[in-house]
Amino acid sequence: MTNSFSSPSSDAIRNELLSLVKSVRGQVLDAERLYVAVDCKRPQPARKNKPDGEDRAEALHALSLEAANCRQCPLAQTRKNVVFGAGSLKAQVVFVGEAPGADEDEQGRPFVGRAGQLLTDIIVKGMKLARKDVYICNILKCRPPGNRNPLPEEINQCEPFLKKQLQLIRPRVICALGKFAAQTLLKMETPITALRGRFYDYEGIKLMPTYHPAYLLRNPSAKKQVWEDVQMIMKEIEPGEPS
Ligand code: URA
């Protein structure tokens, strides 16, 4: 009786093994190709896709919160409000004053008292800009008691806030109002009478020192010189863009 289940020849076994190896190899290659293809389509980690302005607005807001909670110097004990700054992130001009006075401390906004009204006139009537389109801030974010002059150690503590504000806004022109703003930003001790009337460089931004509006309230004849300085600023900015 012949065995219908006779054992396969060694050739047949070898051929079977070879085709098995080929098939496994093919599957591995297919899987590799598939993996690469799938891998390419794998969702990418969420990309940071916010407009530049939004990032800067968030950074400026975060900085304002940091200032609101600042207790680095004794002015934190006497202030009513931190006066961080106000205006447009896209401002072409940033005005930098000295420090909040009583009205600003009360309201938490810069230049809202008598000197502020004069600054508003310079911006609106003189420069024909809207106050909301410029940016206004101070060297110190908290009011020195009795409106005394800022102390060097208060300026040193507070200046990083201003530096970051200016870096984030990067206006075309910074207008430094008065001796403290001009001398602090320029790191110079030259009197404001000698500093005003020409542009300086502040980290790649044009900086014009001029008299403080509070000085103009006491010395109205100096308005002529401020007007000259302001006209130089106006030549540097783009008409029609937010200022
Ligand atoms: N004077 C300043 O220097 N800043 C103000 O905000 C108000 C008055």
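Counting starts at 1 for both ligands and their atoms, following the listed order. Side chains included, hydrogens not; waters and symmetry mates left out as well; all remaining heavy atoms used.
At the shortest separation from atom 4 (N) of ligand 1 among protein heavy atoms lies N138 OD1, 2.7 Å.
If you number the atoms of ligand 1 from 1 as listed, the ones under 4.0 Å from a heavy atom of E98 come out as 2 (C), 3 (O). If you number the atoms of ligand 1 from 1 as listed, the ones under 4.0 Å from a heavy atom of G97 come out as 3 (O).
At a threshold of 4.0 Å, the pair E104-R109 does not count as salt-bridged, since none of the basic side-chain nitrogens sits closer than that to a carboxylate oxygen. With salt bridges taken as basic N to acidic carboxylate O contacts below 4.0 Å, none links E236 and R172. Between R196 and D229 there is a salt bridge, since at least one side-chain N of the basic residue sits less than 4.0 Å from a carboxylate O of the acidic one.
Contacts between E104 and ligand 1, counted as non-hydrogen atom pairs separated by less than 4.0 Å, involve the side chain only. When non-hydrogen atoms are compared, ligand 1 lies under 4.0 Å from the backbone of A99 (N, CA, C, O) but not from its side chain.
By the 3.5 Å distance cut-off applied to N or O atoms, P100 is not counted among the residues near ligand 1.
When the shell of 6.0 Å around NZ of K224 is examined, it contains 12 or fewer heavy atoms from other residues, nucleotides or ligands.
Residue contact annotation: H212 has a non-hydrogen atom under 4.0 Å from ligand 1.
Applying the ring-ring contact (aromatic ring centres under 6.0 Å, His included) test to F111 and every residue at least two apart in sequence or in another chain returns H212.
Atom CD1 in I155 sits 6.5 Å away from atom CD1 in I139 (nearest 0.5 Å).
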